[in-house]
Amino acid sequence: MGTSGFFLICVLHSAIALTCGALMVFYSKEIFVFGHGEETASKLQGSTPHDQLLIQTSDSFSGFLLFTIGFLVFMVACVKDLEFQSFFAKGCVLLHISMAVWRFYFESKHEDLAHNWPRHAFGDIALAISWVFFLVYMWRDKYD
């Protein structure tokens, strides 16, 4: 499973990042409403036209960055080196756990985001667990 499992997990994470990134670029308002609700979304999108344009530009750039990351993860899926796969998986676990911790420390203290952070952190942890399963399977193959 080592190489094929790595490929499948990378393709899954890539599809998630590509989809979310594209949606952030083209449908940022709808994504805000879906992720946070109508009232919170209107607060997060700014009160003046200048703020709204700045926030929309920032969201589009963030979405483009996420789309690019998804594309890079798709390219990494083709790497066959087991050492690199292990290193990459460990880095992804660290990244997803760091994101969940960031959500706890930042979003839980932000009044408008406080009710959504557990759901978002759960998603980050679920993505990290997929990499942990891959690492456990690699470890099992290595020592069996």
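Quantities reported herein were computed from a predicted structural model and do not represent experimental measurements. Worth knowing before you read on, the calculation uses all heavy atoms, side chains too, and leaves out hydrogens, waters and symmetry mates.
Note on F64: it clusters hydrophobically with L23, by side-chain heavy-atom contacts below 4.5 Å among ILVMFWY residues. The same ILVMFWY cluster, assembled from side-chain heavy atoms under 4.5 Å apart, contains both L72 and F67. Criterion: ILVMFWY side-chain heavy atoms under 4.5 Å apart, direct or through other members. Under it, V76 and L18 are not part of a common hydrophobic cluster. Under the 4.5 Å side-chain heavy-atom criterion for Ile, Leu, Val, Met, Phe, Trp and Tyr, I69 and M75 are members of distinct hydrophobic clusters.
Checked by atom type and distance alone, the side chain of S86 never pairs as donor or acceptor with a backbone atom of L82 at under 3.5 Å. The closest donor-acceptor contact from the side chain of S98 to the backbone of L94 lies under 3.5 Å.
Across all non-hydrogen atoms, the minimal contact from V11 to A77 is CG2-CB, 4.5 Å. Of all the heavy atoms in F32 and D59, the pair that sits closest is CE1-OD2, 3.0 Å. Minimum heavy-atom separation, G70 to S14: O-OG, 2.6 Å.
Using cut-offs of 30° and 60° for the angle between ring planes, the F6 and F88 rings count as perpendicular. Using cut-offs of 30° and 60° on the angle between ring planes, the pair H13 and W131 is tilted.
Annotation: the span from I55 atom CD1 to S28 atom OG amounts to 10.0 Å, rounded to 0.5 Å. The distance from the CG atom of L135 to the SG atom of C92 is 9.5 Å, given to the nearest 0.5 Å. In this structure, CD1 in I129 is found 7.5 Å from CD1 in I97, a value given to the nearest 0.5 Å. Atom CZ of F61 and atom CG of L65 lie 6.0 Å apart (nearest 0.5 Å). For the atom pair CE of M24 and CG of L66, the computed distance is 6.0 Å after rounding to the nearest 0.5 Å.
Within a 6.0 Å sphere centred on CZ of F84, other residues, nucleotides and ligands contribute more than 12 heavy atoms. Within 6.0 Å of CD on E30 lie more than 12 heavy atoms contributed by other residues, nucleotides or ligands.
Inter-residue side-chain proximity for I16 and L127 is flagged as met; some heavy-atom pair is nearer than 4.5 Å. F133 is not listed as a side-chain neighbour of I9, based on a closest heavy-atom distance of 4.5 Å or more.
With hydrogens and angles left out, the side-chain atoms of H96 and S130 include no donor and acceptor closer than 3.5 Å.
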- [ ] Applying side chain to side chain contact (heavy atoms under 4.5 Å, CB included), run through F134 and Q85 and close with a yes or a no.
- [x] CA-CA 9 Å; F134 170 75; Q85 290 177 356; 3.8 Å; yes
Open item on the list: Test side chain to side chain contact (heavy atoms under 4.5 Å, CB included) on L12 and L8; report intermediate values, then the result.
Closed with: CA-CA 6 Å; L12 173 67; L8 290 174; over 6 Å; no
